[in-house]
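Order of appearance sets the numbers: ligands from 1, and atoms from 1 within every ligand.
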Amino acid sequence: MSSILDRIRDSVASLDVDSTLSYVRDALNGGFDVKSIIDALAMGMEIVGKRYEEGEYFVSDLIVAGEIFSEAMAILRPKIVESRRGTKPLGKVVIGTVYGDIHDIGKNLVATFLEAAGFEVIDLGVDVPPQKFVEAIKMHSPDIVGMSALLTSTMMHMKVVIEAIKREGLRDTVKVIIGGAPVTEKFAREIGADAYGENAYRAVEICRKLLEKRG
Ligand code: B1M
């Protein structure tokens with residue numbers, strides 16, 4: 001018999017919202033940690049993406065998958081935030097999905113985990129133009145700027161944002177971390193970012209390290 005985590009993955013993959021939410025609740029009540037539940041949800045999203053690529057699913061199915069993930073996160077979020085330690089903010093992060101891109105599930109996950117770890121997070125949302133990142137840096141003086149991109153056609157916009165930050169003379173005031181499915185460590189280096197986060201957990205560890213580097 002398949003485990004509850006397999007069932008979460010498979011119910012996301014088959015776009016079955018009721019079963020997914022019920023399995024997520026069962027897993028939580030059964031003592032599974034939040035990380036393993038999120039990993040199972042993310043694996044389901046991978047399968048949805050593959051089925052879309054293969055022509056089995058359509059954009060409407062991607063939308064449904066996005067809604068399922070968000071509803072599951074609404075169940076998990078209180079559990080994540082409950083684990084928050086201490087009261088003094090660790091540091092401030094401005095985060096957003098770059099312009100041309102409206103994928104926000106991964107970005108929201110990173111923002112939630114950062115908040116749970118004690119960071120103050122200013123979330124600029126999706127389809128964020130370079131100037132909005134620049135204005136947010138001027139307004140909030142963050143320690144870190146985080147960018148997310150899910151499309152190969154929008155990942156280059158991260159470079160445009162970094163250039164805009166440089167042009168305004170603000171590059172030395174912030175560390176830049178980037179992430180998203182098509183992004184790699186190598187790409188981060190090439191465009192002049194300070195770091196690459198392969199997932200939400202790593203992003204938190206890296207943001208902590210970036211703060212240490214700032215001193
Ligand atoms: Co879109 N989509 N989509 N989509 N979508 C992908 C990305 C795709 C890979 C599917 C596929 O073909 N296999 C493909 C991109 C192909 C490419 O560019 N190479 C694709 C496409 C083509 C499109 C459209 C163009 C489809 C169309 O309209 N014809 C369109 C584009 C819209 C736009 O942005 N302009 C589109 C639209 C959508 C929806 C809006 C319907 C929906 C998103 C809903 C939403 O976000 N609210 C959607 C979805 C759901 C997907 C898939 C199926 C799932 C994405 C997801 O949420 N994954 C996706 C397939 C896939 O990724 N395999 C796909 C779960 C999430 C937890 O993972 O976002 O990767 P992820 O985040 C991870 C890490 O990447 C990392 O941590 C997260 C958690 O561990 N991370 C960071 C992310 N940001 C980070 C930032 C950091 C650090 C780490 O630091 C700041």
4.5 Å side-chain heavy-atom contact, L28 and I37: yes
Basic-acidic side-chain contact under 4.0 Å: R202, E205: yes
Donor-acceptor pair, side chain of K79 and main chain of V34, under 3.5 angstrom: no
Plane angle bin for Y99 and H157 - parallel if under 30°, tilted between 30 and 60°, otherwise perpendicular: parallel
Protein residues having a heavy atom less than 4.0 Å from any atom of ligand 1: M45, E46, G49, Y52, E53, V59, L62, I63, F69, G100, D101, I102, H103, D104, I105, G106, L109, V110, G146, M147, S148, L150, L151, T152, I177, I178, G179, G180, A181, G197, E198, N199, A200, A203
Check against side-chain contact (heavy atoms from CB on, under 4.5 Å), D143 and E120: CA-CA 10 Å; D143 304 284; E120 182 185 345; over 6 Å; no
Rounded distance (nearest 0.5 Å) linking atom CG of D16 with atom CG of D10: 10.5 Å
